[in-house]
Protein chains: 2
Amino acid sequence: MADRGRPRTFDREQALLRAMEIFWEKGFEGTSMVDLTTGMGIGAPSLYAAFGSKEELFRAAVALYVSTDGADIWGALAKAETAYGAIEAFLMESAQKFNRPDKPSGCLVVLSALHATDGNKALRAELVARRSKNTTNLAARLAKAVKNGELPPGTDVDRMARFYVTVQQGMSIQARDGADRMMLEEIARSALAAWGSLAPNGVRYVGASQPL
Amino acid sequence: MADRGRPRTFDREQALLRAMEIFWEKGFEGTSMVDLTTGMGIGAPSLYAAFGSKEELFRAAVALYVSTDGADIWGALAKAETAYGAIEAFLMESAQKFNRPDKPSGCLVVLSALHATDGNKALRAELVARRSKNTTNLAARLAKAVKNGELPPGTDVDRMARFYVTVQQGMSIQARDGADRMMLEEIARSALAAWGSLAPNGVRYVGASQPL
DNA sequence: ATTATTATATATCGATCATTACAGAAAAGG
DNA sequence: CCTTTTCTGTAATGATCGATATATAATAAT
């Protein structure tokens, strides 16, 4: 860290990556300091010197997750030209991320701190806020589509966003319970099948945002 | 329990009900013995004499949940005459159960043991099996509809079942994060909007199982 | 070379975890 | 009555929890 004194003998980024995977797999409360120090290959004092505490390490792990897999998912959404394509990319990219051979399944943010325990109040609040922001992000993309005329005026973008975020969150649980990528993609496509009905003027709204 | 000896001074059923609510709120790993004994109003030896261990108490709590709220949800599904009505009842009953002022939000079975930790392997396997059985149950209802001619032959009932179970599981997370009943019902209706597209011969299949 | 600074390894801290020994209390059977 | 049986309250068990004190090792500055 500093330019003086004994240099650190481990790679902070790589240690954080391992910590992220351990928290992702076992959850915050299910992960012990022994799990972390063993998995990261460092001693407890090194962990505390580099990350502050178990809780702060978890925060750093979440931040890393958001800046990698999270960025990929939201990047896929941003790259799509139509609103339908954006939601489709959001769900399909999620399906790909949620089941990989070398990574824990599902989403770290979605699966963390779903229960309010004695010691996780602050952490849980932060994760609830992150999950809530996902809905806001989706709604913002849909609102843009309404402004563009791609979706009919009066479309309940918040409701639509909540629906698709709910599906993605359910996909995390499905992935945890063993659903493979094909199954997750089928779930995504099933949710997208509702697209035409979620606009107020019924199906067949004339615009760019259509399934096909 | 027995007919001789000092009689039990607490109501076993009521104590189990309290234990269920505590596990439901805080999760298995997030619940301590002190939480349980305090909340149930009994001492640790009484708890062990009546329920065996913390893990067996959790099993009993899950069984109670399944036989009460769970039975209501699946009862609503069974009562419906059409397949569409059955899925609608399943989701709407879930929406009602998932947000009540006096009960923890979401579903005990869906939210429990999503992470694999060191000591919860057996418990997690049981919960994964219970969640999997939900999909099987939904698929069986849809298969009946195919046999009845209510849904077109070749309908992928497993895929449909996985989709609607995924939505219900996502609704548990949404409820945990503060979604009220109206929001949950909107999510349910959004998912049902996909109904017509999930049959193989496209929308407008002639049969009883239609949204309207 | 000496000092200052920082990281590491070992060992340990008090707190809390789930579980249980133990002794006394409350019932039924004799 | 007394014995047997079962439950209750208190206190303690060993294990594990997250977090640190301490001593030593490794670097830069002087």
Side-chain angles (χ1 to χ4, degrees), chain A residues 1-16 18-20 22-23 25-62 112-113 115-124, chain B residues 1-16 18-19 22-23 25-61 112-113 115-124:
Chain A
M1 189 74 190
D3 51 342
R4 283 198 300 189
R6 180 173 176 175
R8 182 177 285 141
T9 59
F10 64 94
D11 184 335
R12 192 185 190 276
E13 290 300 305
Q14 189 173 343
L16 177 56
R18 286 290 301 128
M20 180 189 73
I22 297 167
F23 278 132
E25 178 72 33
K26 306 182 131 187
F28 176 71
E29 331 228 28
T31 300
S32 70
M33 282 298 302
V34 174
D35 292 330
L36 290 169
T37 54
T38 302
M40 300 165 78
I42 64 177
S46 298
L47 189 155
Y48 279 84
F51 300 102
S53 68
K54 184 191 172 190
E55 181 168 336
E56 291 184 44
L57 175 58
F58 183 82
R59 284 196 178 89
V62 170
S112 292
H115 295 100
T117 65
D118 291 340
N120 77 349
K121 195 177 174 187
L123 218 48
R124 170 166 155 76
Chain B
M1 192 68 192
D3 51 343
R4 284 197 299 189
R6 179 175 177 172
R8 184 178 285 141
T9 58
F10 63 94
D11 185 335
R12 192 186 189 276
E13 289 301 306
Q14 189 172 344
L16 178 56
R18 285 289 302 127
I22 297 167
F23 279 132
E25 178 71 32
K26 304 181 135 190
F28 176 70
E29 330 229 28
T31 300
S32 70
M33 283 299 301
V34 174
D35 291 331
L36 291 169
T37 54
T38 302
M40 300 165 79
I42 63 177
S46 298
L47 189 155
Y48 278 84
F51 300 102
S53 68
K54 183 192 171 189
E55 180 168 337
E56 292 184 41
L57 175 59
F58 182 82
R59 283 196 179 88
S112 292
H115 294 100
T117 65
D118 292 338
N120 77 349
K121 194 177 174 185
L123 219 48
R124 170 166 156 77

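Reminder, nothing fancy here: chain letters follow the sequence lines and each chain counts from 1.
Residues F51(B) and R12(B) have side chains in contact (heavy-atom distance under 4.5 Å, counting atoms from C-beta outward). Considering only heavy atoms from C-beta on, L57(B) comes within 4.5 Å of F23(B) through its side chain. The shortest side-chain heavy-atom distance between D118(B) and K26(A) falls under the 4.5 Å cut-off. Counting heavy atoms from C-beta on, the side chains of T31(B) and E25(B) never come closer than 4.5 Å. Between F28(B) and R124(B) there is no side-chain heavy-atom pair separated by less than 4.5 Å.
As a whole-Å value, the separation of D118(B) CG from dC17(D) C1' is 13 Å. Atom pair L47(B):CG and dT6(D):P shows a separation of 19 Å (rounding to whole Å applied). Separating the CG atom of D11(A) from the P atom of dA7(C) is a distance of 15 Å, rounded to the nearest angstrom. Following rounding to the nearest Å, K26(A) (NZ) and dC17(D) (C1') show an atom-to-atom distance of 14 Å. The distance between atom CD of E29(A) and atom P of dA18(C), rounded to the nearest whole Å, is 12 Å. Here dC17(C) presents its P atom at 7 Å from CG of D35(B), a figure rounded to the nearest Å.
In this model, the phosphate group of dT8(D) is approached by a side-chain N or O of S46(B) to a distance below 4.0 Å at OP1 or OP2.
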Each nucleotide of nucleotides 22-30 of chain D classed B (base within 4.0 Å of a protein heavy atom), S (only sugar-phosphate) or -, in 5' to 3' order, makes ---BBBSS-

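Looking at the side chain of Y48(B), the nearest of the listed nucleotides dC17(D), dC17(C), dT20(C) is dT20(C).
Partners of A49(A) according to the side chain to side chain contact (heavy atoms under 4.5 Å, CB included) rule, which considers only residues two or more places apart in sequence or in another chain, do not exist here.
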